[in-house]
S.K.: 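Got a structure for you, written out below as structure tokens; questions coming shortly.
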Amino acid sequence: MPEIPTNSIINKTVTGCGATYAEINAPRHSVIIEPNVPVIEGKMKKHPQILGVFEGVTTEDIIDFLNTNYNDGYLKIMTTPESFPKVRSAMVQTHTDMHGEWFMLFDECERTIQDAGYRGSITLPMDDFFRCKQKAMVSATPIIPSDPRFEQQGFTMKILRPTYDHKPKMLLIHTNNTVGWVRTLMGQVKGKGHPLCIFLNSTDTIHRMICTYKIEKRCKVFCSYESVKKLRKRDFSRAYSSLEELDEINFFTSRFFSAVDIELPTTACVLIVTDLSFAAHTVIDPTTEAVQIVGRFRNGVEDAAHIFSTNKEMPCKSREEIAARLEECEAVYKQVLQIEASGAGCDTRAQALEGMDYKRFMNADGTRNWFMWDNAYDDERIKQYYTDAELVREECAKAFHTDCAEHIYPLSDCDRLQRINPRLKMKELFREIVRQLEILEQNRTWNEYYFLREEIQNQVPMMVDAYYALGAAEIERHNYNMNAIGKQIQENESQQLLTSEKVCGEVYAQLKTGDKLPVCAVNRFMNDLIMRFGIPYRKKVTAKMIGIYFEYRDVRTNKQRFIELGKRII
């Protein structure tokens, strides 16, 4: 293929096979649209002739680039979708015929569908894209769009088919305890000289893992600028919105899932995490996102694994159900749009339209946003896989050579979430902690036993101490009342100290069987004993406490009470 043909969607099948490179060097002016800033920054380092356009680059900068370089060869502008309006404005102001003379390439084109739900601006260039005479989309993992303009303009799908086995290997681990398994794999790769790269699309979950594993000084996080600010507010400073030198452990959010070239002196260990208990948006499409992630590493990967949990109760809609719902919403939206109004009525109609959720599915000109519809279909398609581990395995097998394992543990990620559930009252939390500790004690051979016990201890130390001091039955007897349990623990501790070898030695050194002592003297003796050994005895001290050490009987002589000591008890 000497150059990318116009009106085509190129399915290049293999990441990093040179499609973007080919357009950068093609003998024509090009606007190349990339999904994220790190991609552009990486390409600019390799190809300094490119003008990268993103936040901070102004329309005036683009005008200067066009005016200064237009007669010096073919111009290459690489922009994010959000910054594309600046490119268009600069070309209008310089009378540059973008639609007639420039080639427009949409790289990693599946992002226009996959990101549209939370990033509506990703489709900003589409109207200009369809106005261009020369244009194409490219990706190793394209999703066929439903926008009718593709068919109207005669777009064709061109598939590059490798003549070799291009599928990488992938270990699939289905588990109900992703946190535990990530920690296990961390231990397996530690010290082997390959950086561990964890792809997980939830900054909150990443931060929770960093704190849980205590790896703050061993890891870096690569995420959006907004997420960098969020992590730094939580006192984690090793977060970056651009690609930096990697550390021993590295976390990446979706900003780095596709197009970014990660060049290392060695191969990397890649770990993809889908954790439904913490965040539903961590689901990964096995045939697009997983392929893109593994393809980021230009020197290859040492090992790749996908740890995932499932939720058979996760609500999912079919394509037909989604279409029916969206068509109903569109009909209502258009009815409101057609209401004739004047004066205050115009404001009322505008407020009604603005408040409708379906507004997100419409373009500014009142036409349907097909990419938002495709996004709704795609989201449900991916969610459906994660209702059943076998569906995930089947889908992964389309893009990878897979080895599969399943590890269902007695305590799960959902149990971990319950321990930090702010809606649980103290008594409910205490009951939940006791339940989990009982399960843990029944599975002491589990390799996560000590790690989980320490984690729970750090979260609720008083409850854990109470469990190991009294046991589940005694805590239940006190109805999970922390005050009553605290008193019981103190009483038990006092009893243990009073019967310790050191204290007993002191008692038996001073008192003997057959001694007959005034009650007041025994009372003083016990008070002195408790004070001298610092025993936290909270009840009233009486002479009868001597019964801990001796059998005894009360004796009265001349109206005075004595205690006569019998056999030693301890």
Side-chain angles (χ1 to χ4, degrees), residues 15-21 24 32-57 76 78-83 107-108 110-111 114-115 119 122 139-141 189 193-203 206-207 209-210 215-232 236-273 284 289-302 304:
T15 59
C17 67
T20 312
Y21 175 87
I24 290 171
I32 302 171
I33 299 167
E34 295 288 354
N36 291 304
V37 175
V39 185
I40 301 175
E41 292 174 332
K43 298 296 184 186
M44 288 170 64
K45 289 178 182 177
K46 294 180 180 179
H47 308 280
Q49 76 272 27
I50 292 173
L51 174 66
V53 183
F54 38 81
E55 187 177 3
V57 178
K76 304 294 175 178
M78 191 169 280
T79 179
T80 61
E82 288 80 2
S83 287
D107 198 12
E108 310 304 345
E110 75 279 358
R111 306 311 306 183
Q114 291 180 327
D115 293 0
R119 185 187 172 193
I122 198 168
S139 177
T141 56
V189 303
H194 303 279
L196 176 60
C197 298
I198 303 173
F199 290 80
L200 171 58
N201 195 28
S202 169
T203 310
I206 288 172
H207 185 254
M209 283 187 172
I210 290 171
I215 55 171
E216 292 88 343
K217 296 180 180 179
R218 297 169 50 204
C219 72
K220 290 182 178 179
V221 178
F222 299 94
C223 52
S224 70
Y225 180 64
E226 291 302 316
S227 293
V228 169
K229 291 193 292 185
K230 181 196 291 187
L231 288 171
R232 289 183 177 172
F236 182 79
S237 61
R238 310 187 77 210
Y240 309 90
S241 58
S242 298
L243 201 60
E244 304 277 338
E245 183 179 355
L246 300 193
D247 207 326
E248 176 189 349
I249 301 168
N250 309 275
F251 291 91
F252 298 87
T253 63
S254 60
R255 180 181 176 89
F256 294 86
F257 281 11
S258 60
V260 181
D261 294 339
I262 302 178
E263 298 183 350
L264 303 171
T266 181
T267 53
C269 293
V270 175
L271 179 56
I272 302 170
V273 181
I284 297 292
E289 291 170 306
V291 173
Q292 289 287 346
I293 287 168
V294 173
R296 295 309 92 228
F297 299 90
R298 293 309 184 220
N299 204 28
V301 299
E302 184 69 14

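We use all heavy atoms of the structure for the numbers below, so side chains are in, but hydrogens, waters and symmetry mates are not.
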S.K.: Not counting sequence neighbours, which residues clear side-chain contact (heavy atoms from CB on, under 4.5 Å) with V189? List them please.
M.R.: L196, C269
S.K.: Return the set of residues passing salt bridge (charged side-chain N to carboxylate O under 4.0 Å, His left out) with R119 (not counting sequence neighbours), or none when no residue passes.
M.R.: E82, D115
S.K.: Check the pair E110, S139 against side-chain hydrogen bond (donor to acceptor under 3.5 Å, both in side chains), reporting the backbone distance first and the verdict last.
M.R.: CA-CA 7 Å; E110 75 279 358; S139 177; 2.5 Å; yes
S.K.: Could you list the residues that satisfy ring pair (Phe, Tyr, Trp, His ring centres under 6.0 Å) with F297, not counting sequence neighbours?
M.R.: none
S.K.: Tell me if a side-chain donor or acceptor on R255 pairs with a main-chain N or O of S241 at a distance below 3.5 Å.
M.R.: yes
S.K.: Identify the heavy atoms of T253 and S224 that sit nearest to each other, and give their distance.
M.R.: OG1-N, 4.1 Å
S.K.: In Å and rounded to the nearest 0.5 Å, what is the CD to OG distance from E216 to S237?
M.R.: 10.5 Å
S.K.: Ignoring hydrogens and geometry, is there a side-chain-to-backbone donor-acceptor pair from R238 to K217 under 3.5 Å?
M.R.: yes
S.K.: Would you call the rings of F236 and H207 parallel, tilted or perpendicular if under 30° counts as parallel and over 60° as perpendicular?
M.R.: perpendicular
S.K.: Can you find a heavy atom in the side chain of I293 that is under 4.5 Å from one in the side chain of V270?
M.R.: yes
S.K.: Which heavy-atom pair separates T15 from V291 by the least distance, and what is that distance?
M.R.: CG2-O, 4.1 Å
S.K.: For L231 and C223, work out which heavy atoms get closest and say how close.
M.R.: CD1-SG, 4.2 Å
S.K.: Listed by chain and number, what are the side-chain contact (heavy atoms from CB on, under 4.5 Å) partners of E289, not counting sequence neighbours?
M.R.: R111, Q114, F257, I284, D285
S.K.: Take M78 and I24 through the test side-chain contact (heavy atoms from CB on, under 4.5 Å) and record every step on the way to the result.
M.R.: CA-CA 9 Å; M78 191 169 280; I24 290 171; 4.0 Å; yes
S.K.: For residues 42-57, tabulate all N or O donor-acceptor pairs below 3.5 Å that involve a side-chain atom, not counting sequence neighbours.
M.R.:
from : atom 1 : to   : atom 2 : distance (Å)
K43  : NZ     : D261 : OD2    : 3.4
K46  : NZ     : D261 : OD2    : 3.1
K46  : NZ     : E263 : OE2    : 2.7

S.K.: Decide side-chain contact (heavy atoms from CB on, under 4.5 Å) for F251 and I215; before the verdict, give the C-alpha distance in whole Å, the side-chain angles of both, and the deciding distance to 0.1 Å.
M.R.: CA-CA 12 Å; F251 291 91; I215 55 171; 4.0 Å; yes
S.K.: Look up atom CD1 in I40 and atom CD in E34, then write down how far apart they are to the nearest 0.5 Å.
M.R.: 6.5 Å
S.K.: What distance separates T141 OG1 from Q292 CD, expressed to the nearest 0.5 Å?
M.R.: 4.0 Å
S.K.: Which pair of non-hydrogen atoms, one from V37 and one from T80, has the smallest distance, and what is that distance?
M.R.: CG2-CG2, 3.9 Å
S.K.: Which atom names give the shortest non-hydrogen contact between T203 and S227, and what distance separates them?
M.R.: OG1-OG, 3.1 Å
S.K.: As an exercise, state the distance from SG of C219 to CD1 of I198, rounded to the nearest 0.5 Å.
M.R.: 8.5 Å
S.K.: Give every residue pair that meets the salt bridge (charged side-chain N to carboxylate O under 4.0 Å, His left out) criterion with at least one member in residues 219-228, sequence neighbours excluded.
M.R.: E226-K229
S.K.: What's the shortest heavy-atom distance between T20 and D107, and which atoms?
M.R.: OG1-OD2, 2.9 Å
S.K.: How far does CZ of F252 sit from OH of Y240, to the nearest 0.5 angstrom?
M.R.: 12.0 Å
S.K.: Could you state the interatomic distance from OG1 (T79) to CD1 (I32), rounded to the nearest 0.5 Å?
M.R.: 11.0 Å
